[in-house]
2 protein chains.
Amino acid sequence: MTSAKRVTLTDVAKLARVDKSVVSRVINDDDRLVIKPETRDRVLAAIQELDYHPNAAARSLRTAQSGTYGLLIPDFANPIYAEIIKGAEQAAAARDTVLLTGTVNEDHPERYVRMLASGRVEGLLLASDKLSAQAIEALRHTGRPIVSVNQRVPGVERMILADDERASALVVRHLTDLGHERIAHIRGPRNSDTARRRLNGYRGALRAGGLTPDPALVAGDGYTSETGAEAMRELLALPEPPTAVLVANVAAAVGALSAARQLGVRVPEDVSVATIHDIPLAANLAPALTTVRMPLAEMGRQGMLALFGEDSGSGRTVVRTETELIVRDSTSARA
Amino acid sequence: MTSAKRVTLTDVAKLARVDKSVVSRVINDDDRLVIKPETRDRVLAAIQELDYHPNAAARSLRTAQSGTYGLLIPDFANPIYAEIIKGAEQAAAARDTVLLTGTVNEDHPERYVRMLASGRVEGLLLASDKLSAQAIEALRHTGRPIVSVNQRVPGVERMILADDERASALVVRHLTDLGHERIAHIRGPRNSDTARRRLNGYRGALRAGGLTPDPALVAGDGYTSETGAEAMRELLALPEPPTAVLVANVAAAVGALSAARQLGVRVPEDVSVATIHDIPLAANLAPALTTVRMPLAEMGRQGMLALFGEDSGSGRTVVRTETELIVRDSTSARA
DNA sequence: GTGAAAGCGCTAACAT
DNA sequence: ATGTTAGCGCTTTCAC
């Protein structure tokens, strides 16, 4: 029906009775263009009338810029990425560029290389640790800008990090303030950068509080509710179980809560539980979880700015420090 | 360092000592190309050696195809979209096309129109009800294919729907089987198509079970945990409260559980609760939620196929019927 | 103040 | 079995 063949710059120019170069310059707000107001109006009217939209491919070909950036995440089901995406999308929209968010498919890393090398996307925001060193190297080889978010990636020098160590420390400090001394940690995956930093923060804060880290009180190896549940069972089975647990992420905390419940262990009466990342779910669990809020959306935003080359950091690591402890019902004073 | 200026078809042709058209046809596996194996090998070797990647913009300009499709969702934080995205991404990857997933920003609907009209994306998968009728009309006006997923959108004739009515009916039937007669419904937003269909299914199933729908037992107007909590409080405050509640979605169910807990009402002993969409969270709540599994990923996949024009449905509504009741701990026989 | 012309990198119809 | 050619629709330098 409305299949009127595509309108081009030439059509607009013809209708406005000017050259297409003039139309182009009007569209792009060329400063150096001197034009009579009435001519400009005629051009704008023609654009309106024909419902003209510049062809993205032609423009990209000419300018060698696609106005598109990529954001790679491991899994849309993990709510922390929703926040990062939100911030990145916002920054992209503000620059009138397009953000292409996708999950990393470990089977076909060459897809991402092709995207960069073909110019389809101009730069990449890396929020996934699911890429092989080989794939990273291939991406780097394209020469396009790459920024990692929420994690350190070997070979990628620009990164936006949260202060994961401080997040752990805030929780440990909160727990020691409540009188806890046997504070356990359900850690994330061994190969995860964030998990390692959270573990470091946990250990450091214990020492800072005059406590000695006990290896027996560190369990777990994953970011899922299954790993969290298993680690919790392990900890509760200890001869001398912890009175408080810092869980590395919310998913694992959900599992930990569930495991405690099944064992008849009450939270927080018998054991306090706290975790990192204040996603909405945390407030709705039973009991509502004490968490640490991290500036995830802001990190997404900063990552995009770094891609645009608009950040001040000029290639250095940026650690966002706006971490904040949110105390809810899952932590209480030691009995 | 590796900033060697971009490699073009011409460079490859020169190195392989053939014409660039030959290289192009080799790359695109042109059937009608007759070529000596050794020549083809020379071309492939040159491509390897120069690490050549075809320029996406030039190709798009020439073929008038971008190989990119858009998927519009209302919110990445809602886990049901993670499933839809997963299916859509998979279908896109299988066709070697790119999927651009983004959230609908009600403030700037013209962004999506531009994307379609500029040829940046070839078609749109609509999983959001956040677009105005006006915006939809503008999108339709581009003449590009549009398919809606998980909802009916006025003006969009191709759609992939779940059987929301049946989902409600499965729950109601489960509850009546357990002996419940006062079965309430915490409904979704009034302007939501899925919410309306779930309400219809609820009413129909009550009648089919010989029960008379009681308007007082329908509360709520939203898909958030806040609206769910408020509706639950309202229902529990009735002179004769329900013994079972069908909540329209998981988020509202989380709120409903939380409200019941705060009021000292036990689930399922005092009131049974069930909801629609079996996302992983449902199994990890306390108590684990009885839900209905819907083929969300499959719907995303089918939506993409419809965009590609590969579906059998040829423009008709498709209702997926693979809904399945998952009974967990939040429903039990009436006391 | 406006127009002419070249060319971005590719594909496809048509030579040879 | 391979080469020639003509654009796709746009931006930009330069000319008038």
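Residue numbers start from 1 in every chain, and the chains themselves are labelled A, B, ... in the order their sequence lines are given, proteins ahead of strands.
Within the nucleic acid shown, B:Thr39 comes within 4.0 Å of sugar-phosphate atoms alone, with no base atom in reach, counting heavy atoms only. B:Val34 comes within contact range of at least one nucleobase, with a heavy-atom separation under 4.0 Å. Counting non-hydrogen atoms under 4.0 angstrom, B:Arg32 reaches the backbone sugars and phosphates but no base.
Taking atom CD1 of A:Ile27 as the reference point, atom P of D:dT11 lies 7 Å away to the nearest angstrom. For the pair B:Arg59 CZ and D:dC10 P, the interatomic distance rounds to 21 Å; values are reported in whole Å. The separation between B:Arg120 atom CZ and D:dC10 atom P is 14 Å, rounded to whole Å. For the pair A:Asp31 CG and D:dT11 P, the interatomic distance rounds to 15 Å; values are reported in whole Å. Remark: C1' of C:dG1 and CG of A:Asp41 are 15 Å apart, rounded to the nearest angstrom. When rounded to the nearest whole Å, the span between NZ of B:Lys36 and P of D:dT2 equals 5 Å.
With hydrogens and angles ignored, a donor-acceptor pair under 3.5 angstrom links the side chain of B:Arg25 to the base of D:dG3.
Looking at B:Lys130 and B:Asp75, no side-chain N of the basic residue comes within less than 4.0 Å of a carboxylate O on the acidic one, giving no salt bridge. A salt bridge does not link B:Arg25 with B:Asp30: none of the charged nitrogens is closer than 4.0 Å to a carboxylate oxygen.
Between A:Asp30 and A:Ala58, the residue anchored closer to the 5' end of DNA chain D is A:Ala58, taking for each the nucleotide with the nearest heavy atom. Between A:Asp19 and B:Thr63, the residue whose closest nucleotide on DNA chain C is further toward the 5' end is A:Asp19.
Closest to the side chain of A:Ser21, out of C:dA5, D:dT2, C:dG9, is C:dA5. Listed nucleotides D:dT4, C:dT2, C:dC10 differ in distance to B:Leu9; the shortest reach to its side chain belongs to C:dC10. Each of C:dG1, D:dT2, D:dC10 was ranked by its minimum atom distance to the side chain of B:Val22; first place goes to D:dT2. Listed nucleotides D:dG9, D:dC10, C:dG1 differ in distance to A:Leu61; the shortest reach to its side chain belongs to D:dG9. Distances were taken from every side-chain heavy atom of A:Asn55 (C-beta onward) to each of C:dT2, D:dC10, C:dG9; the shortest belongs to D:dC10. When distances run from any side-chain atom of A:Arg62 to the nucleotides C:dT2, C:dG9, D:dT11, the shortest one goes to D:dT11.
When side chains are defined from C-beta on, A:Val113 does not count as touching A:Pro109, because their heavy atoms never get closer than 4.5 Å. Looking at B:Leu161 and B:Arg197, their side chains come closer than 4.5 Å, going by heavy atoms from C-beta outward.
Between A:Phe76 and B:Phe76, the ring planes lie parallel to each other; the angle is under 30°, not in the 30° to 60° tilted range.
The side chain of B:Arg6 places an N or O atom within less than 4.0 Å of a non-bridging phosphate oxygen (OP1 or OP2) of C:dG9. When the side-chain nitrogen and oxygen atoms of B:Thr8 are compared with OP1 and OP2 of C:dG9, none of them lie within a distance under 4.0 Å.
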